[in-house]
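Reviewing the structure listed below.
Order of appearance sets the numbers: ligands from 1, and atoms from 1 within every ligand.
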Amino acid sequence: MTPRKTAVFGPAGNSDSYNAEKHKSNVEAPEWVKAKGLDAYEFQSGNGVRGSDEFFAAVGAAAAEAGILLSLHAPYYISLSGIDPEKRLGSLRYIRESLNAAALMGANIIVVHTGSAAKITREEAMDLARDTLTIALEEIPDNGVIIGLETMGKQNQLGTLDEVIELCKLSPRLAPVVDFGHINAYNVGNYFNNEDDYLRVFDKISAELGADAAMNLHCHFSKIEYTNKGEKKHLTFADTVFGPPFEPLARVIADERLTPCIICESDGTQAEDALAFKNIYKEHIKGD
Ligand SMILES: [Zn+2]
């Protein structure tokens, strides 16, 4: 794969505006995303990997035709740190299914939630997650698709940036997925105020996992409402209360010549907001 020259932007799943057009099949999504002026699309399998091999291959063919970069969000019920062994090891099946679907689509990464830390200590949760991933890496053959581990937004979830980085050290098949809205919500807001706050994330990943991991980071960005326990719900870019702000992130990406994939998870306006991000980013690239 030739390295990307710029950051790329796209929606997580289908926006309200896409759904309002009553498309017959998700196979039509990549072309629609392209027509919007976007570059990437995160296929949603959060509620299960549903679809025939032919369907996933058709989505992949449509994305290749449109020049859209694909990723796949794996089922939410994957539980790397689950205390019920049956449920925890059941996660292996969903990871396998996600990797298979991603390979059929030509997606480069699946996005996995690291799990819960609600009833056990974070250390115990990390041990369980490490064990589940070790087994997954042993049992599931490498098909070229990266297993992305997402930073999470609720304080009773595993998945701070440090925890995700620690788990990613298990194998080059693992990579961090940085959800900036989640990190901000986990820390009860005001976590990303300026460029240095964002730069710190890329610097840490570069130092711990290598320059390439930071350069081509897969990211989620949306404004997210929080309580003192972290994430409450996803908002849209129009929010002015909860943050985090996109502007300083755009400046860091442009100034440092980083080439992340930024997936927007706004509530309903993810395509429009991804385009707003892209336009802000383009202004900074031009201004350099
Ligand atoms: Zn997620």
At less than 2.8 Å, would any N/O/S atom of His73, backbone or side chain, sit next to the Zn ion (ligand 1)?
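Yes, since at least one N, O or S atom of His73 sits under 2.8 Å from the Zn ion (ligand 1).
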Quick check: of its N, O or S atoms, which one does Glu150 have closest to the Zn ion (ligand 1)?
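For Glu150, the N/O/S atom sitting closest to the Zn ion (ligand 1) is OE1.
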Which atom of His113 approaches the Zn ion (ligand 1) most closely (N/O/S):
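Nearest to the Zn ion (ligand 1) within His113's N, O and S set: NE2.
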Going by the rule side-chain contact (heavy atoms from CB on, under 4.5 Å), which residues pair with Asn143 if we only count those two or more places apart in sequence or in a different chain?
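side-chain contact (heavy atoms from CB on, under 4.5 Å) list for Asn143, sorted by chain: Leu99, Asn100, Ala103, Val145.
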Residues that Ile120 engages under side-chain contact (heavy atoms from CB on, under 4.5 Å), provided they are two or more places apart:
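Ile83, Glu124, Ala125, Leu128.
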Using 30° and 60° as the class limits, which term best fits the ring planes of Phe202 and Phe180: parallel, tilted or perpendicular?
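Ring orientation of Phe202 relative to Phe180: tilted.
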Might you point out which heavy atoms bring Lys34 and Ala66 nearest each other, and give the distance in Å?
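Looking at all heavy atoms of both residues, the closest pair is CD-O, 3.0 Å.
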